[in-house]
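Take a look at the structure set out below.
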Amino acid sequence: MDRTLDFYQFGFLVLKTVFIFAITLVHVAFTTYAERKIIGRAQARFGPKEVGPHGILQPLADFLKIFGKEDIIPQSAYQPVFKIAPIIVFAFTAVNLTVIPFEQGFILADLNVGVLFILASASLAVYGIILAGWSSNSRYSFLGGLRSAAQVLSYEIALTLSLASVVLMAGSLKLSDIVVAQHNSLFGFYAIPQIIGFVVFVIAAFAETNRTPFDLPEAETELVAGYLTEYSAFRYALFFLGEYTAMYIMASLAALCYLGGWTVPKYVMAILPFLKWIPGWVWFLLKVYLFIFLYIWVRATFPRYRFDQLLSLGWKVLIPLGFVNLFITILFKKLFA
């Protein structure tokens, strides 16, 4: 009986895993479509419009095209590392999906150290970028890998400091506990009392995911395509799968740690009681989509930073702000706890 129960539990876990990864891949595919459409509108262009109604099937056309391309590996590249680097990036990014609670009780692994797990996995994913740049045996690729290392080193500290303040507020590293703590707090979410940390987190998240205006590791005007220069076909696509998945991870982290996750503030529910009929996962996805739209909006609006400006912003502005916010949070907890 116990073995049968374990078998069904394992089967259900496998189904949930497949479902979450499949939904994520669909989101990644159509985010590329939404990005081109939104940026097109921002820049007075049409964006994709030929494949399907309003170009809605463009992601499918891109998928078929990328699979039809030849997988070219430079003769001078160190092939074992060159081949495994894209897998490292995607694997260490996608594994974070296992600790994201999409709704109360809907999570693959509800770890007590969920925040720490995501930060650790995000740090490991950058090794794939560094190895890709080194193994390509190209100066453009190598410079892109070095830039990514310096960028993550500086902005990972600011990101960690901002999240440390949230952990102190909630008293837990568990993401579901952080959501519950926000729901029971005065404001219903931490974006207001942690406004400094929230701003630091948002800026650091752009750098963490190599998005404009911090896309220096790719920087096509300077480095051709940076660490991606020598890649083609599906290996090239794996890097972009990793990048867009990382965008959703950071958007989910923002929704869970600062915007209340799947919950709505109690005072809003009191004013609009009919909102309680909307499922929690809907609220969670709306908050994630809001952050994804911010990613796209910023890309359509801001130019790329110079590399010295990027490092200066990280070390001279964001990290000190992170420490100030952490000190204020500690002081608040000491005085009012």
Side-chain angles (χ1 to χ4, degrees), residues 96 99-102 104 111-120 122 154-209 211 214 246-269 280 283-295 297-298 313-337:
N96 287 325
V99 298
I100 297 292
F102 301 93
Q104 183 68 45
L111 300 183
N112 290 328
V113 289
V115 174
L116 197 59
F117 181 86
I118 290 176
L119 290 173
S154 56
Y155 282 85
E156 189 89 18
I157 298 171
L159 192 76
T160 303
L161 287 171
S162 63
L163 289 175
S165 300
V166 169
V167 169
L168 278 175
M169 291 277 289
S172 176
L173 284 161
K174 194 174 182 179
L175 287 167
S176 54
D177 287 349
I178 291 173
V179 174
V180 172
Q182 286 179 86
H183 187 59
N184 294 328
S185 67
L186 176 64
F187 295 102
F189 50 90
Y190 286 158
I192 294 176
Q194 284 289 316
I195 185 62
I196 299 175
F198 182 52
V199 171
V200 170
F201 175 89
V202 169
I203 297 173
F206 277 86
E208 186 75 12
T209 52
R211 293 286 300 183
F214 305 130
M247 286 169 58
Y248 273 97
I249 297 297
M250 286 298 154
S252 299
L253 203 56
L256 292 167
C257 294
Y258 291 100
L259 303 178
W262 59 83
T263 65
V264 178
K266 293 178 181 178
Y267 53 85
V268 175
M269 283 290 193
W283 291 115
F284 175 75
L285 284 180
L286 286 174
K287 293 169 185 177
V288 169
Y289 293 157
L290 178 66
F291 206 81
I292 293 295
F293 177 76
L294 180 63
Y295 270 120
W297 185 14
V298 167
L313 178 66
W315 288 101
K316 295 181 180 179
V317 180
L318 295 186
I319 291 176
L321 278 176
F323 275 115
V324 168
N325 184 63
L326 186 60
F327 175 76
I328 293 172
T329 303
I330 293 170
L331 195 63
F332 177 83
K333 292 287 286 186
K334 278 287 185 181
L335 293 176
F336 300 102

Taking atom CG of L119 and atom CG of L253, what is their separation to the nearest 0.5 Å?
7.0 Å
Between Y289 and F293, does the ring-ring contact (aromatic ring centres under 6.0 Å, His included) criterion hold? Intermediate values first, please.
CA-CA 6 Å; Y289 293 157; F293 177 76; over 10 Å; no
Any heavy-atom pair between the side chains of Y155 and L313 that's under 4.5 Å?
yes
Residue pair A255 / V288: nearest heavy atoms and the distance that separates them:
CB-CG2, 4.2 Å
All heavy atoms of L318 vs all of A204, minimum pair found to be CD1-N, 4.5 Å
For residues F187 and P265, determine if any side-chain heavy atom of one lies less than 4.5 Å from a side-chain heavy atom of the other.
no
I need the F327 CZ to S165 OG distance, nearest 0.5 Å.
12.0 Å
Using 0.5 Å steps for rounding, measure from the CG atom of L326 to the CD1 atom of I196.
11.5 Å
Rounded at 0.5 Å granularity, tell me how far CZ in R211 sits from CG in L294.
10.5 Å
CZ (F284) and OG1 (T263) are apart, to the nearest 0.5 Å, by 11.5 Å
Taking the side chain as every heavy atom from C-beta outward, state whether Y248 and I100 have any atom pair closer than 4.5 Å.
no
Check whether any side-chain heavy atom of W315 lies under 4.5 Å from a side-chain heavy atom of I157, and answer yes or no.
yes
For residues Q182 and I178, determine if any side-chain heavy atom of one lies less than 4.5 Å from a side-chain heavy atom of the other.
yes
Quick check for you: to the nearest 0.5 Å, what is the distance between M250 atom CE and F206 atom CZ?
12.0 Å
Criterion side-chain contact (heavy atoms from CB on, under 4.5 Å) on L175 and V115, from CA distance to verdict
CA-CA 7 Å; L175 287 167; V115 174; 3.7 Å; yes
Heavy-atom closest pair (Y267 atom, G188 atom, distance to 0.1 Å) is CE2-N, 4.5 Å
Are any non-hydrogen side-chain atoms of Y258 and V202 less than 4.5 angstrom apart?
no
